[in-house]
Amino acid sequence: MVTVNTTLPPASPGVTPTQDFSHWLNPLIDSRSAHEADVIRRAFQLAQDAHKNQLRASGEPYLSHVATAARILSDLNLDHESVAAALLHDVIEDTTVTLDELREEFGESIARLVDGVTKMS
């Protein structure tokens with residue numbers, strides 16, 4: 001089972017904007033119900049933990065990619081499950097997290113969305 005820390009740590013002095021991820025999370029949960037915000041927050045935290053040491057070719061944290069994908073879906077008013085799946089879409093391909101673990105933590109619907117996206121070419 002995947003353990004998800006549902007609270008984001010406060011930014012420490014000297015933390016650069018790319019290390020303080022609240023600016024990516026907050027727009028995703030604004031205007032969501034408490035339940036929907038909780039699902040997105042847990043997905044964000046899992047993605048952050050799973051991609052912790054991964055960087056993009058640009059040197060940015062890998063989380064920037066999945067957060068941007070989630071923001072696009074959120075801006076298009078897609079449901080919270082789609083936004084959560086966007087945050088998690090590379091977790092099963094690029095980390096040790098399994099689809100079964102996602103299913104256990106987030107349910108069948110989000111697991112199916114993540115699995116479907118990973119199969120796209």
Side-chain angles (χ1 to χ4, degrees):
M1 179 173 162
V2 177
T3 303
V4 177
N5 176 1
T6 60
T7 59
L8 292 174
S12 303
V15 171
T16 65
T18 58
Q19 293 170 313
D20 177 7
F21 300 125
S22 61
H23 67 283
W24 287 331
L25 175 62
N26 292 339
L28 302 177
I29 60 175
D30 287 346
S31 74
R32 301 276 181 179
S33 72
H35 167 73
E36 293 172 347
D38 179 60
V39 171
I40 292 170
R41 190 177 290 108
R42 289 186 302 115
F44 189 93
Q45 186 65 51
L46 177 59
Q48 181 180 357
D49 292 347
H51 294 297
K52 178 173 51 176
N53 296 319
Q54 295 176 326
L55 297 176
R56 297 183 52 77
S58 66
E60 290 182 309
Y62 194 82
L63 186 64
S64 66
H65 165 69
V66 296
T68 299
R71 178 67 186 265
I72 290 168
L73 298 186
S74 183
D75 288 349
L76 292 170
N77 296 316
L78 269 71
D79 61 50
H80 72 286
E81 291 179 331
S82 297
V83 173
L87 289 165
L88 299 168
H89 80 267
D90 279 337
V91 169
I92 61 173
E93 285 187 325
D94 298 333
T95 75
T96 60
V97 177
T98 68
L99 185 60
D100 286 336
E101 290 171 326
L102 287 185
R103 185 176 291 110
E104 186 174 325
E105 181 65 36
F106 294 99
E108 185 63 33
S109 180
I110 291 174
R112 267 189 280 146
L113 288 168
V114 171
D115 190 39
V117 170
T118 61
K119 291 179 180 174
M120 293 173 69
S121 56

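What you see is a predicted model; the values in this text were computed from it and never measured.
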(request) Spell out, as yes or no, whether a donor-acceptor pair under 3.5 Å connects the side chain of Glu105 to the backbone of Leu102. (result) no
(message) If I compare all heavy atoms of Ala50 with all of Val97, which pair ends up nearest, and what's the gap?
(response) CB-CG2, 4.2 Å
(request) Kindly write out the residues that satisfy side chain to side chain contact (heavy atoms under 4.5 Å, CB included) with Glu81, not counting sequence neighbours, or none if the list is empty. (result) Asp79, Ser109, Ile110, Leu113
(request) Could I get the full list of salt bridge (charged side-chain N to carboxylate O under 4.0 Å, His left out) partners for Asp115, not counting sequence neighbours? (result) Lys119
(message) Quick check for you: to the nearest 0.5 Å, what is the distance between Ile40 atom CD1 and His35 atom NE2?
(response) 9.5 Å
(message) So does Ile92 get a backbone contact from the side chain of Thr95, meaning a donor-acceptor N/O pair under 3.5 Å?
(response) no
(message) So which atom in Ala47 and which in Val66 form the shortest heavy-atom distance, rounded to 0.1 Å?
(response) CB-CG2, 4.4 Å
(request) To the nearest 0.5 Å, tell me how far Gln48 CD sits from Trp24 CH2. (result) 9.0 Å
(request) Using the test side chain to side chain contact (heavy atoms under 4.5 Å, CB included), find all partners of Thr96 that sit at least two apart in sequence or belong to another chain. (result) none
(message) Treating Ser82 as the side-chain partner and Leu78 as the backbone partner, does any N or O pair qualify as donor plus acceptor under 3.5 Å?
(response) no
(message) List the residues meeting side chain to side chain contact (heavy atoms under 4.5 Å, CB included) with Arg71, not counting sequence neighbours, and say none if there are none.
(response) Pro27, Leu28, Asp75
(message) Measuring from atom NE2 of His80 to atom OG of Ser74, what distance do you get when rounded to the nearest 0.5 angstrom?
(response) 12.0 Å
(request) Mind checking the CZ-CG spacing from Phe44 to Leu88? Nearest 0.5 Å is all I need. (result) 11.0 Å
(request) Applying side chain to side chain contact (heavy atoms under 4.5 Å, CB included), name anything that partners Arg103, two or more places apart in sequence or on another chain. (result) Leu99, Asp100, Glu108, Ala111
(message) If you define the side chain from C-beta out and look only at heavy atoms, does anything of Arg56 sit under 4.5 Å from Ser64?
(response) yes
(request) First locate atom CZ of Arg41, then atom CD1 of Ile29, and finally report the distance between them rounded to the nearest 0.5 Å. (result) 4.0 Å
(request) Please report the shortest heavy-atom distance between Leu87 and Ala67, naming the atom on each side. (result) CD2-CA, 4.0 Å
(request) Find the distance between OG1 (Thr68) and CG (Leu73) and round it off to the nearest 0.5 Å. (result) 11.0 Å
(message) Just to verify, what does His65 make a ring pair (Phe, Tyr, Trp, His ring centres under 6.0 Å) with, not counting sequence neighbours?
(response) Tyr62, His89
